[in-house]
Amino acid sequence: MSSTQSPIKLPRFVSVEESGISSLSKPDGTRFSLVSYNILAQAYVKSSLFPHSPSSCLKWKARSQAILSVLKNLGVDFLCLQEVDEYESFYKGNMESSGYSSTYIQRSGQKRDGCGIFYKHNMAELVLEDIIDYNDLVNSTQEGNVLDDDKQYDKDAIANKDPGSKNGSKSKSTQDRGDPNDPRVRLKRDCVGLIAAFKLQNPSQNVVIVANTHIYWDPEWADVKLAQAKYLLSRLARFKKLVSDKFECTPSLIVAGDFNSTPGDKVYQYLISGNSSSAPTLDVVEDLPIPLCSVYGSTRGEPPFTNYTPGFTGTLDYIFFSPSDNIQPVSFLELPEPESSDIDGGLPNFNHPSDHLPIGAEFVISREYIP
């Protein structure tokens, strides 16, 4: 790979019609845009973990400005970011100067990164929020089994986002925390998420719920990831009812994040299993509290990858929405093709400051919709 600095690669939104897919939405109504992006916490950036990356593009001064450039130039209404560290010292203030307010939750334990939702304050007003701490699942073990008996290995999801995995000390990091066969130990993974309700600054004042999360990374712990996904949806259902009652509305729902699961994994299958049009065949189809549909899966198909390194290439990041006649995606953010020169050799590089790629969508809430 060339070590010559190149300009940041900025993707564009591709309309559903432009992609050759028939329109999924009426053109009129309230339009808003959202991007989900694992920006790669600087705490996890080490040259030994990214030997394929030019060392100069891994330094905080260069990466921070590159990430900021991407976020600002995307110009979307909502940003769901994962692996955000340096929130108070860097991202919060710099994004405020570009017209974004934000809310943030740091991971539990000693982790330095977390999840943040940034939103244009002239586009949306934050009216209610809630925090998801997946460590709360530990308390659920006293009420019954929250883990699947089948600890099936997610063979395609060899994600590398945990400091233990990036340091090559996964077994040590799990053993230090106790017996991994103990559900109370197994479920305490220090993962978090955010749920926020926004009132759009339009004449109809539509209410949109945006959730942002980062699911546990380890492919050998598929049962933990699935338990987190189930907890996420249960909390979303509770929050949606609270918003509906408080504001006397039927809110739209968007769920975004790094789910550390490929489209063939149980987490992905579970999340879309409540949507009959895209549901896979599962051994046991449970009643989901909220039906979800993947933006990319329902339009162009899931991309071949959202994470691109020599050690792992695959799709881990998703934007889901609760399908209805009122809200539909009308465009999606383009991603590079496997043969694209700007990803040659793996990420991060001078074109892409994270090992993940941003994904995004534009939605329309139909004008006829009355909240």
Side-chain angles (χ1 to χ4, degrees), residues 36-50 53 55 57-68 70-71 79-96 100-118 129-138 159-178 185 187-196 211-218 221 224-225 228 232 256-260 307 309 312 316-317 347-348 352-356 358:
S36 181
Y37 190 17
N38 181 325
I39 60 175
L40 178 58
Q42 191 64 22
Y44 304 150
V45 176
K46 299 178 181 179
S47 58
S48 59
L49 301 176
F50 298 98
S53 301
S55 59
C57 77
L58 297 179
K59 297 184 183 303
W60 169 243
K61 185 176 181 179
R63 281 196 69 242
S64 61
Q65 293 303 318
I67 293 168
L68 196 62
V70 172
L71 300 180
L79 287 159
C80 293
L81 305 183
Q82 305 86 43
E83 290 203 16
V84 179
D85 55 1
E86 309 297 341
Y87 170 72
E88 291 286 349
S89 63
F90 183 78
Y91 289 107
K92 183 180 180 181
N94 278 293
M95 293 303 289
E96 280 179 356
Y100 288 90
S101 299
S102 58
T103 182
Y104 173 77
I105 176 65
Q106 186 171 326
R107 291 179 65 188
S108 312
Q110 301 300 312
K111 305 298 190 299
R112 291 175 50 188
D113 63 303
C115 294
I117 299 177
F118 296 76
E129 64 179 316
D130 200 5
I131 292 168
I132 298 177
D133 185 345
Y134 293 108
N135 284 353
D136 291 343
L137 284 167
V138 174
N160 57 358
K161 278 279 113 18
D162 183 270
S165 67
K166 288 186 174 178
N167 291 338
S169 58
K170 179 188 66 178
S171 59
K172 181 179 185 296
S173 65
T174 54
Q175 289 171 0
D176 286 349
R177 300 172 70 168
V185 173
L187 287 166
K188 194 172 183 179
R189 298 296 102 194
D190 300 334
C191 299
V192 296
L194 272 175
I195 316 175
N212 177 24
T213 193
H214 192 178
I215 297 296
Y216 188 54
W217 69 272
D218 196 335
W221 294 43
V224 173
K225 294 195 281 188
Q228 291 180 347
L232 169 65
D258 178 353
F259 291 84
N260 269 321
N307 179 266
T309 67
F312 173 79
L316 304 173
D317 308 272
L347 308 181
H352 302 279
S354 173
D355 55 342
H356 285 249

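When atom types are taken as modelled, the side chain of S102 and the backbone of K92 share no donor-acceptor pair closer than 3.5 angstrom. Looking only at distances, no side-chain donor or acceptor of N307 sits under 3.5 Å from a matching main-chain atom of L316. In this structure a side-chain-to-backbone donor-acceptor pair under 3.5 Å is missing from E83 to L81. Remark: the backbone N or O of F259 is not paired with any side-chain donor or acceptor of K225 at under 3.5 angstrom. T309 places no side-chain N or O within 3.5 Å of a backbone atom of L347 that could act as its donor or acceptor partner. Using modelled atom types, one side-chain atom of Q106 and one backbone atom of K111 make a donor-acceptor pair closer than 3.5 Å. Within the 3.5 Å criterion, the main-chain N or O of A196 finds no donor-acceptor partner in the side chain of E129. Under the 3.5 Å distance criterion, the side-chain polar atoms of N212 are matched with a main-chain donor or acceptor of G116.
In terms of the side-chain contact (heavy atoms from CB on, under 4.5 Å) criterion, residue partners of S101 (sequence neighbours excluded) are, by chain and number, Y119, H121. Every side-chain contact (heavy atoms from CB on, under 4.5 Å) that Q42 has, sequence neighbours left out, goes to V45, W60, R63, D85.
Rounded to the nearest 0.5 Å, atoms OH (Y216) and SG (C191) are 7.5 Å apart. With values rounded to the nearest 0.5 angstrom, L194 atom CG is found 6.5 Å from I105 atom CD1. Note: D136 CG to L187 CG = 11.0 Å, rounded to the nearest 0.5 Å. The CG atom of D355 sits 11.0 Å away from atom CD1 of I39, with the distance rounded to the nearest 0.5 Å. Here the OG atom belonging to S36 is positioned 10.0 Å from the CD1 atom belonging to I117, to the nearest 0.5 angstrom. The CZ atom of R189 sits 9.0 Å away from the CD atom of Q228 when rounded to the nearest 0.5 Å.
Under the 30°/60° scheme for interplanar angles, the aromatic rings of Y104 and Y87 are found to lie parallel.
Side-chain polar atoms of D133 and S108 form a donor-acceptor pair below 3.5 angstrom. Looking at T213 and Y134, their side chains do bring a donor and an acceptor atom within 3.5 Å of each other.
Counting heavy atoms from C-beta on, the side chains of L232 and I132 come closer than 4.5 Å. Here the side chains of P348 and L58 are in contact, with some heavy-atom distance below 4.5 Å. Side-chain contact between D317 and Q82 is present, with heavy atoms from C-beta onward closer than 4.5 Å. Residues Q65 and F90 have side chains in contact (heavy-atom distance under 4.5 Å, counting atoms from C-beta outward).
Nearest heavy atom pair, residue H356 against residue N38, reads CB-O, 3.4 Å.
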Does the side-chain contact (heavy atoms from CB on, under 4.5 Å) test come out yes or no for V224 and D218, once each step is laid out?
CA-CA 9 Å; V224 173; D218 196 335; over 6 Å; no
Go through the steps to decide whether L79 and L71 satisfy the test side-chain contact (heavy atoms from CB on, under 4.5 Å), and finish with yes or no.
CA-CA 8 Å; L79 287 159; L71 300 180; 4.1 Å; yes
Assess whether side-chain contact (heavy atoms from CB on, under 4.5 Å) is satisfied between R112 and Y44, documenting all intermediate values.
CA-CA 10 Å; R112 291 175 50 188; Y44 304 150; over 6 Å; no
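Ion pair D190/R107 not flagged as a salt bridge, since none of the NZ, NE, NH1 or NH2 atoms sits closer than 4.0 Å to an Asp/Glu carboxylate oxygen.
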